[in-house]
Amino acid sequence: MRPSRPLALTLGDPAGIGPQLTAEAWRSLRHSREGTFFWLGDPRLVEAAVPVTRIETPEEADAVFAVSLPVLPVFCEAAVIPGQPDPRNAAATIGSIRLAVEYALAGRAGGVVTNPIAKHVLAAAGFPYPGHTEFLAALCDMPGEEIMMLVSPQLRVVPVTVHVSLRKALETLMTDRIVSVAETANAALKRDFGILTPRLAIAGLNPHAGEQGLMGEEEITIIRPAIEKLRARGIDCLGPFPPDTMFSDTARPTYDVAICMYHDQALIPLKTLDMAHGVNVTLGLPLIRTSPDHGTAFDISGAVTETCRADASSLLAAIRLADGMSAYREGKKS
């Protein structure tokens, strides 16, 4: 069954491919009603390409979704030129995210799906956060609790350390952090993915998972103690596994999520396997948030027309995944 509340889709950077993707997503989903959403964006950017209904509340979205794109207007300050981001429009991008979170926390949206933003453009306008995820955590009054999961049809991965240098990742990798991240992932797989007994695969850090200390001792001093704590708490986890073999075709079916030690260890295999359908999911917050696993693509951005130059596969996957997660939370999917 479908969840009862529509999803809130954010503006993203208006000069990027977000408006194109939004129009294409509505075209793809309007008949199936799989993933009903409303767009918190500037209707002027899409009105020439798709029928639009300007709404005032999220509750109006469901009634019009089959015939028009529901848009809860968030207007851009400056004229939008595709491919040319303008910091004057950062307020609209930020305001769209803020409103989406407010609706989700109030129970008026089933979840938040975020169109791509350009971090450097927001930074130029004084935005103090590294990206979406940290801003969402702040809006939920849960800074530091956010955890990133990447999902594709073939693989789920969760990095323990995320947007820091590799040197910093090594410095901050701690047993308790691994335990906390793994516990959050385990709970999310139960609540939002319907996996009753999740199986976690814990990656090693060093070549050959340290080779019993010959190639590094972090597996012995940091990672194995985390695995022991997780098992003591009833979580099904194995490892540490050598990262160069744990993502093979034969290994992946043996677990439900790979807990990885740093950003690229997690994202390289997922994006190599399926870049088009990868979805970024934020765990650890009281709302559902998904996002396409790509950026603003200013180089291929253009006016929104009846044909979409950009590939909407990842946004569609993000909408469908958020829709399914919302159904699990509402008890309408098993």
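On a predicted model such as this, the values are computed, not experimentally measured, just so you know. Reckoned from all heavy atoms, side chains included, excluding hydrogens, waters and symmetry mates.
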>> Please check this pair: side chain of T161 against backbone of A169, looking for a donor-acceptor N/O pair closer than 3.5 Å.
In response: no
> Backbone N or O of H277 within a donor-acceptor pair of the D274 side chain at under 3.5 Å?
Replying inline: yes
> Does the ring centre of F135 sit less than 6.0 Å away from the ring centre of F127?
Replying inline: yes
> In Å and rounded to the nearest 0.5 Å, what is the SG to CG distance from C140 to L287?
Replying inline: 4.0 Å
> Where is the tightest heavy-atom contact between T250 and T254, given as atom of each residue plus distance?
Replying inline: O-CG2, 3.8 Å
> Checking side-chain contact (heavy atoms from CB on, under 4.5 Å) against L99, which of V112, I94, L40 comes through?
Replying inline: L40
>> If we ignore hydrogens and angles and just use 3.5 Å, is the side chain of T172 paired with the main-chain N or O of K168 as donor and acceptor?
In response: yes
>> With a 6.0 Å cut-off (strictly less than), is the heavy-atom count around CG of D299, excluding the residue itself, greater than 12?
In response: yes
> Looking at CD of E145 and OG1 of T282, how far apart are the two atoms once the value is rounded to the nearest 0.5 Å?
Replying inline: 13.0 Å
>> Using every non-hydrogen atom in the two residues, find where I117 and G12 come nearest and quote the distance to one decimal.
In response: CG2-CA, 4.1 Å
> Which heavy atom in V162 sits nearest to a heavy atom in H263, and how many Å separate them?
Replying inline: O-CB, 3.4 Å
>> Side chains of I288 and S326, heavy atoms from C-beta outward: is any pair under 4.5 Å?
In response: yes
> Is the shortest side-chain N to carboxylate O distance from D236 to R199 below 4.0 Å?
Replying inline: no
> For the residue pair G35 and L29, what are the closest heavy atoms and their distance?
Replying inline: O-CD1, 3.9 Å
>> Apply side chain to side chain contact (heavy atoms under 4.5 Å, CB included) to residues Y262 and L170 and explain how you reach the verdict.
In response: CA-CA 8 Å; Y262 58 93; L170 297 177; 5.7 Å; no
>> Would you compute the distance between atom CG of N280 and atom NE2 of H132 and round it to the nearest 0.5 angstrom?
In response: 9.5 Å
> Do L155 and F247 pass the side chain to side chain contact (heavy atoms under 4.5 Å, CB included) test, and can you show the C-alpha distance, the side-chain angles, and the key distance before you say yes or no?
Replying inline: CA-CA 8 Å; L155 181 64; F247 301 108; 3.9 Å; yes
> Charged N to carboxylate O under 4.0 angstrom, R231 versus E228?
Replying inline: no
>> Show, in sequence, the C-alpha distance, side-chain angles and deciding distance for R54 and E60, and conclude whether the salt bridge (charged side-chain N to carboxylate O under 4.0 Å, His left out) test is met.
In response: CA-CA 9 Å; R54 299 189 185 192; E60 299 172 57; over 6 Å; no
>> Are I259 and L189 linked, directly or through intermediate hydrophobic residues, by side-chain heavy-atom contacts shorter than 4.5 Å (ILVMFWY only)?
In response: yes
>> Taking atom CD as the centre, does E211 end up with more than 12 heavy-atom neighbours from other residues, nucleotides or ligands that are less than 6.0 angstrom away?
In response: yes
> Out of curiosity, does L166 fall in the hydrophobic cluster containing I268 (side-chain heavy atoms, cut-off under 4.5 Å, transitive links)?
Replying inline: no
>> Under the side-chain contact (heavy atoms from CB on, under 4.5 Å) test against P14, which residue among V74, T93, D42 passes?
In response: T93
> Once you round to the nearest 0.5 Å, how far does CG of D86 lie from CD of Q84?
Replying inline: 9.0 Å
>> Taking A15's backbone N and O only, do any of them form a donor-acceptor pair with S301's side chain (distance below 3.5 Å, no angle check)?
In response: yes
> Can you hop from M246 to I178 via hydrophobic side chains spaced under 4.5 Å?
Replying inline: no
>> Which heavy atom of G204 sits nearest to which heavy atom of M261, and what is that distance?
In response: O-CG, 3.8 Å
>> Please find the pair of heavy atoms, one from W26 and one from F65, that lie closest to each other, and give the distance.
In response: NE1-O, 2.8 Å
> Going by heavy atoms in the side chains, are F75 and P43 under 4.5 Å from each other?
Replying inline: yes
> Does a side-chain N-to-carboxylate-O contact under 4.0 Å join E59 and R5?
Replying inline: no
> Does the S291 side chain pair with the main chain of T114, one donor and one acceptor, at a distance under 3.5 Å?
Replying inline: yes
> Would you say the side-chain atoms of S96 pair up with the backbone N or O of L11, donor to acceptor, closer than 3.5 Å?
Replying inline: yes
> So, R108 side chain and P58 main chain: donor-acceptor pair closer than 3.5 Å or not?
Replying inline: no
> Do N89 side-chain atoms and A78 backbone N/O form a donor-acceptor pair below 3.5 Å?
Replying inline: yes
>> With a 4.5 Å cut-off on side-chain heavy atoms, are K229 and I235 touching?
In response: no
> Which residue, T10, T22, D13, forms the side chain to side chain donor-acceptor pair (under 3.5 Å) with N115?
Replying inline: T22
> Is the shortest distance from a Lys or Arg side-chain nitrogen in E219 or R224 to a carboxylate oxygen in the other one below 4.0 Å?
Replying inline: no
> Hey, are the side chains of Y129 and L136 touching, using non-hydrogen atoms and a 4.5 Å cut-off?
Replying inline: no
>> Donor-acceptor check, side chain of S180 to backbone of D176, threshold 3.5 angstrom: yes or no?
In response: no
> With the 4.5 Å side-chain cut-off for hydrophobic clustering, are L200 and F193 part of the same group?
Replying inline: yes
>> Let me confirm one number: the CG-OG1 distance from L9 to T36, rounded to the nearest 0.5 Å.
In response: 12.5 Å
>> Under 4.5 Å between side-chain heavy atoms, counting indirect links through other Ile/Leu/Val/Met/Phe/Trp/Tyr residues: same cluster for I147 and M142 or not?
In response: no
> Are side-chain heavy atoms of R329 and D192 found at a separation under 4.5 Å?
Replying inline: yes
> Testing V160, L238, V257, I227 for side-chain contact (heavy atoms from CB on, under 4.5 Å) with I202, which one passes?
Replying inline: I227
> So do M325 and V281 actually touch side chain to side chain, heavy atoms under 4.5 Å?
Replying inline: yes
> Can R233 and L230 be said to form a side chain to side chain contact (heavy atoms under 4.5 Å, CB included), step by step?
Replying inline: CA-CA 5 Å; R233 298 176 188 184; L230 290 165; 5.6 Å; no
> Are K119 and E134 within salt-bridge range, i.e. N to O under 4.0 Å?
Replying inline: no
>> Counting C-beta onward and ignoring hydrogens, is there a side-chain heavy-atom pair between P85 and F298 closer than 4.5 Å?
In response: yes
> Would you say T53 and L69 make side-chain contact, with heavy atoms under 4.5 Å?
Replying inline: no
>> Could you walk me through whether E146 and L283 satisfy the side chain to side chain contact (heavy atoms under 4.5 Å, CB included) test, starting with their C-alpha distance in whole Å, then the side-chain angles of each, then the deciding distance to 0.1 Å, before giving a yes or no?
In response: CA-CA 6 Å; E146 69 279 5; L283 309 180; over 6 Å; no
> In terms of heavy-atom contacts, does CG of L196 have more than 12 from other residues, nucleotides or ligands at under 6.0 Å?
Replying inline: no
>> Quick check for you: to the nearest 0.5 Å, what is the distance between T290 atom OG1 and L321 atom CG?
In response: 6.0 Å
